Every structure is written in C-alpha cells, then in structure tokens.
Amino acid sequence: MTRPNIGVTVSQRSGWRIFPLMAFNIWLVGGKALRWQTASAIDLDAVDGVVVGGGDDISPMLYGGKISARARLDPDRDEMEKRIVLEATAANIPVLGICRGSQMLNVALGGTLHQDAYSAFPSRFYKTILPRKAVEIDEGTRLGQILQTGTLTVNALHTQAVDKLGENIGVAARDEGGMVQAIERMSDPFAIGVQWHPEHLFYRTGHRRLFKALVLAAQAYRVNRPQGRTVDLGLQDEAARIGRDNSDPAGKA
C-alpha cells in the first residue's frame with residue numbers, strides 16, 4: 001500500500017530542524033511527510049492527514065484575549081493553521097496537534113487558552129525535551145486506547161494551555177495540577193492534540209503510537225472508512241504482532 005501523505009506545519013524559524021524529526025517519526029509508522037510553512041502552497045487535496053506542529057504562541061486575538069508582552073507571535077502562521085484545521089475538519093481529514101498544534105486545534109474550533117498556564121494551575125514547571133512530567137490519561141478516551149495506559153511520562157516546553165474547550169472537543173489527559181495535557185474530538189474525523197512533543201520521544205513505544213494512529217486514520221480517510229474504528233483495530237493488530245514476535249524471537253509459530 002502506498003504511504004499516506006501527511007502535511008506537517010512548522011515554524012519559519014525552527015522548521016529546518018523540526019521537520020526532519022517529524023518526517024522521521026511519520027516514516028517509521030508508514031507515512032510520508034510534506035512540509036508546510038507560511039510561504040507554502042497548502043493543498044489539502046494532496047494529503048490524507050495533517051500534523052499541526054509546535055512553536056510560537058497563538059495570538060489571543062483569535063479567541064478574544066489580550067496580548068501579553070511576553071508572547072512570541074506569528075500571525076501569518078496563526079491564520080494558516082486555523083484555516084487548515086477548519087478545512088481539514090470539514091473534509092474529514094484526520095489531525096494530530098502537537099503542543100502549539102493542540103492549542104490551535106482547540107482555538108480553531110471555538111475554544112480558548114490560558115496564556116500563562118502555570119499561574120492558573122499548581123502544576124510543576126518543566127521546560128525540557130526529556131520525559132519528566134507525568135500525565136494522567138482519562139478513562140474511556142481514544143487517547144487511552146491508543147496509548148494502552150492510564151499514565152504517561154512526557155516532555156514539556158509550553159507556557160500556554162487549553163482553557164475553554166472547542167466544539168466537539170473533550171479533555172483526554174491532565175497533569176498533577178489539573179492542567180489540560182491532551183484533547184480529542186469525540187467523533188470522526190480523528191483529531192487528537194497533545195501538549196507535549198512526541199516527535200522527540202520516538203524511542204518510546206507509546207509516543208510512536210500517536211503517529212501510528214494518525215497514519216492509520218489517514219489510510220482510513222483515503223478509502224472512506226471509519227477512522228476511529230480503523231485506528232482501534234490497527235493498533236490491536238500491531239500489539240498482537242509485537243507480542244508474537246517477542247514470544248518467538250525466531251519468528252516461528
């Protein structure tokens with residue numbers, strides 16, 4: 001089967017180093033990444049899925065807030081990514097939001113953000129690409145089905161976080177202080193946003209499964225099948241295969 005194309009949005013400033021890492025993660029799980037920046041010609045007809053990547057803060061102008069002097073903004077990227085999220089959702093294209101991308105997923109669908117999240121929650125502050133922060137996955141969520149665990153250790157580079165939820169968006173994970181760490185759509189198209197950076201944690205199975213879930217949803221989109229069900233079955237099959245391989249290193253039945 002041809003690899004599904006995944007459009008990946010990145011910053012004009014840091015895209016040169018982040019996109020290769022995103023592309024590597026997507027290639028590992030069967031997809032092919034296309035780089036999108038503000039100067040790019042965005043063609044949603046050319047992709048089967050989307051990753052909205054991390055980077056600059058999202059302007060509070062998008063959700064009726066006040067601009068902070070400390071915020072680093074990119075209005076052109078805000079406009080591009082909001083349009084991508086809205087058009088992808090309308091076209092049933094699956095989306096994975098990473099850090100800023102998770103926040104944009106929420107804002108584009110009508111939600112708001114805490115601009116200074118650590119003043120709103122008693123959460124321990126981390127700023128590291130290493131997995132240091134523990135998050136609790138809510139029961140009954142698609143994220144929990146994907147990760148197959150109730151807790152996960154993640155990295156953290158963010159200062160903003162989800163406040164009011166967007167349309168058809170639910171909380172999927174929080175940290176020990178109650179700050180939202182993941183969100184998800186409650187129905188197709190597949191859409192999950194995580195506050196951490198799984199692209200830096202490809203050496204851990206749970207984080208790779210986020211990209212695998214997106215690629216499975218993209219394959220389902222390509223043939224007009226239910227995305228959530230396809231993700232569930234695909235990850236179950238993969239887990240069973242890994243279990244067989246681990247129990248029989250020689251690969252024999």
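Keep in mind that this is a model prediction, so the values were computed, not measured.
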Nearest non-hydrogen partners of [X] and [Y], listed with the distance:
X: Ile146; Y: Ala213; answer: CD1-CB, 3.6 Å
X: Arg208; Y: Tyr203; answer: NH1-C, 3.7 Å
X: Arg142; Y: Asp232; answer: NH1-OD1, 2.9 Å
X: Ile26; Y: Arg3; answer: O-NH1, 4.4 Å
X: Ala108; Y: Leu86; answer: O-CD2, 3.3 Å
X: Gly144; Y: Thr141; answer: N-OG1, 3.1 Å

Taking the side chain as C-beta and beyond, is there a heavy-atom pair between [X] and [Y] under 4.5 Å?
X: Pro226; Y: Asp188; result: yes
X: Met80; Y: Val52; result: no
X: Met179; Y: Tyr118; result: yes
X: Leu210; Y: Leu214; result: no
X: Met104; Y: Leu62; result: yes
X: Val194; Y: Gln181; result: no
X: Tyr63; Y: Gln103; result: no
X: Pro198; Y: Ile98; result: yes

Practice prompt. Have a look at Arg100 and tell me which of Gln160, Glu81, Gln195 forms a side-chain hydrogen bond (donor to acceptor under 3.5 Å, both in side chains) with it.
Written response: Glu81
Is it true that a side-chain atom of [X] and a backbone atom of [Y] form a donor plus acceptor pair closer than 3.5 Å?
X: Asp78; Y: Ser59; answer: yes
X: Arg185; Y: Pro189; answer: yes
X: Asp48; Y: Arg222; answer: no
X: Glu176; Y: Arg124; answer: yes
X: Thr9; Y: Gly53; answer: yes
X: Asn106; Y: Gly111; answer: no
X: Glu136; Y: Thr151; answer: no
X: Thr38; Y: Arg77; answer: no
X: Gln227; Y: Phe190; answer: yes

Worksheet item: Would one find more than 12 heavy atoms of other residues, nucleotides or ligands at under 6.0 Å from atom CD of Glu79?
Response: no
Worksheet item: Would one find more than 12 heavy atoms of other residues, nucleotides or ligands at under 6.0 Å from atom CD of Glu167?
Response: no
Between [atom1] of [X] and [atom2] of [Y], what distance do you get to the nearest 0.5 Å?
X: Leu233; Y: Glu238; atom1: CG; atom2: CD; value: 13.0 Å
X: Leu157; Y: Thr128; atom1: CG; atom2: OG1; value: 7.0 Å
X: Ile183; Y: Leu109; atom1: CD1; atom2: CG; value: 8.0 Å
X: Asp56; Y: Ser11; atom1: CG; atom2: OG; value: 4.5 Å
X: Gln148; Y: Ile137; atom1: CD; atom2: CD1; value: 12.5 Å
X: Gln219; Y: Thr230; atom1: CD; atom2: OG1; value: 9.0 Å

Between [X] and [Y], is there shared hydrophobic-cluster membership here, with clusters defined by ILVMFWY side-chain heavy atoms closer than 4.5 Å?
X: Val47; Y: Val95; answer: yes
X: Trp16; Y: Leu21; answer: no
X: Ile192; Y: Met186; answer: no
X: Met22; Y: Leu216; answer: yes
X: Val85; Y: Leu44; answer: yes

Practice prompt. Apply side-chain contact (heavy atoms from CB on, under 4.5 Å) to Phe19 and Gln37, showing your working.
Written response: CA-CA 10 Å; Phe19 177 76; Gln37 294 176 286; over 6 Å; no
Fill in: Qualifying residue for side-chain contact (heavy atoms from CB on, under 4.5 Å) with Ile6, from Val50, Val51, Leu96
Val51
Item to complete: Assess whether side-chain contact (heavy atoms from CB on, under 4.5 Å) is satisfied between Glu199 and Phe24, documenting all intermediate values.
Response: CA-CA 9 Å; Glu199 72 273 22; Phe24 173 68; over 6 Å; no
Worksheet entry | side-chain contact (heavy atoms from CB on, under 4.5 Å) assessment of Leu235 paired with Arg209 | CA-CA 8 Å; Leu235 291 176; Arg209 288 171 69 88; 3.5 Å; yes
Practice prompt. Could you go through the side-chain contact (heavy atoms from CB on, under 4.5 Å) check for Val154 and His207 one step at a time?
Written response: CA-CA 9 Å; Val154 305; His207 299 284; 4.0 Å; yes
Item to complete: Begin from the C-alpha positions of Asp175 and Ser123 and carry the test side chain to side chain donor-acceptor pair (under 3.5 Å) through to its verdict.
Response: CA-CA 7 Å; Asp175 67 13; Ser123 301; 2.8 Å; yes
